[in-house]
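Presented below is the structure to which this report refers.
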Amino acid sequence: MGQRAVTGSDEDPRVAELRTAVSRLRRGLAALPAEFPDRGVAEDELAALAAMAAHGTPEILRLRRSLLLIAGAIGSVSALSRGLSDVRDAVELFGRSPRG
């Protein structure tokens with residue numbers, strides 16, 4: 001945990017939060033024994049979010065697209081609702097939707 005709070009680090013705290021939330025949700029999904037039709041979609045989009053977080057500040061529209069696909073894929077799986085909420089909160093750190 002000490003690595004995150006290193007003084008002088010130029011890592012964007014939003015990216016760190018996204019990386020942490022995505023990692024938790026990926027672990028939760030991997031531990032879920034149940035199969036469901038869109039599990040592959042969720043896994044693919046979580047991998048995409050992890051890759052975006054690993055390579056600097058992600059593009060907001062791409063983040064939102066991935067979030068929507070993940071929410072659609074696992075939104076009804078109650079065991080993952082907290083993890084999904086954490087990812088949604090992390091995406092929101094990058095800014096609100098440009099809707100009026």
Side-chain angles (χ1 to χ4, degrees):
M1 286 177 78
Q3 288 299 92
R4 259 172 146 178
V6 172
T7 305
S9 174
D10 59 354
E11 180 179 38
D12 186 333
R14 301 173 303 171
V15 174
E17 186 68 29
L18 178 64
R19 186 174 19 310
T20 300
V22 167
S23 178
R24 282 189 201 131
L25 184 53
R26 288 178 90 181
R27 284 192 310 268
L29 182 58
L32 190 70
E35 286 299 321
F36 50 93
D38 292 328
R39 185 179 189 128
V41 171
E43 290 169 344
D44 290 348
E45 290 303 319
L46 284 167
L49 283 178
M52 283 186 263
H55 294 96
T57 304
E59 178 188 335
I60 294 171
L61 292 177
R62 179 66 176 105
L63 283 176
R64 293 191 174 281
R65 179 183 177 278
S66 288
L67 177 60
L68 286 173
L69 288 169
I70 293 165
I74 66 173
S76 65
V77 181
S78 61
L80 301 174
S81 63
R82 174 61 190 245
L84 179 58
S85 179
D86 290 347
V87 170
R88 181 179 298 118
D89 291 346
V91 168
E92 290 297 323
L93 294 173
F94 289 90
R96 297 277 178 202
S97 178
R99 291 182 283 184

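The first residue in the sequence is number 1, and the count goes up from there.
Within the 4.5 Å cutoff, side-chain heavy atoms of L18 are placed close to those of V22.
If you take CG on L29 and CD1 on I70, they are separated by 9.5 Å, rounding to the nearest 0.5 Å. The structure places CD of E43 at 10.0 Å from CD1 of I74, a figure rounded to the nearest 0.5 Å. With rounding to the nearest 0.5 Å, the separation of CD1 in I60 from CD in E92 is 10.0 Å. Taken to the nearest 0.5 Å, the CG atom of L25 stands 10.5 Å off from the CZ atom of R88.
For R65, the side-chain contact (heavy atoms from CB on, under 4.5 Å) criterion is met by E45, R62, L69, not counting sequence neighbours. With sequence neighbours excluded, the residues satisfying side-chain contact (heavy atoms from CB on, under 4.5 Å) with D12 are R14, V15, T57.
Legend: side chain to side chain donor-acceptor pair (under 3.5 Å) pairs involving residues 25-38, not counting sequence neighbours, sorted by first then second residue: S23-R27. Within the structure, salt bridge (charged side-chain N to carboxylate O under 4.0 Å, His left out) contacts touching residues 49-59 (residues at least two apart or in different chains) do not occur. Applying the side chain to side chain donor-acceptor pair (under 3.5 Å) test to residues at least two apart or on different chains, the pairs with a partner in residues 75-85 are R82-D86.
M52 and L93 fall into different hydrophobic clusters, where Ile, Leu, Val, Met, Phe, Trp and Tyr are joined by side-chain heavy atoms under 4.5 Å apart, directly or via other members. At a threshold of 4.5 Å between side-chain heavy atoms, the hydrophobic network of Ile, Leu, Val, Met, Phe, Trp and Tyr places L67 and V41 in two separate groups. When the side chains of ILVMFWY residues are joined at heavy-atom separations under 4.5 Å, either directly or via intervening members, F94 and L46 end up in a single hydrophobic cluster.
Across L84 and A71, no two heavy atoms sit closer than the pair CD2-CA, 3.9 Å.
Other residues sharing the hydrophobic cluster of L68, ordered by chain and number and joined by side-chain separations under 4.5 Å: none, the residue standing alone.
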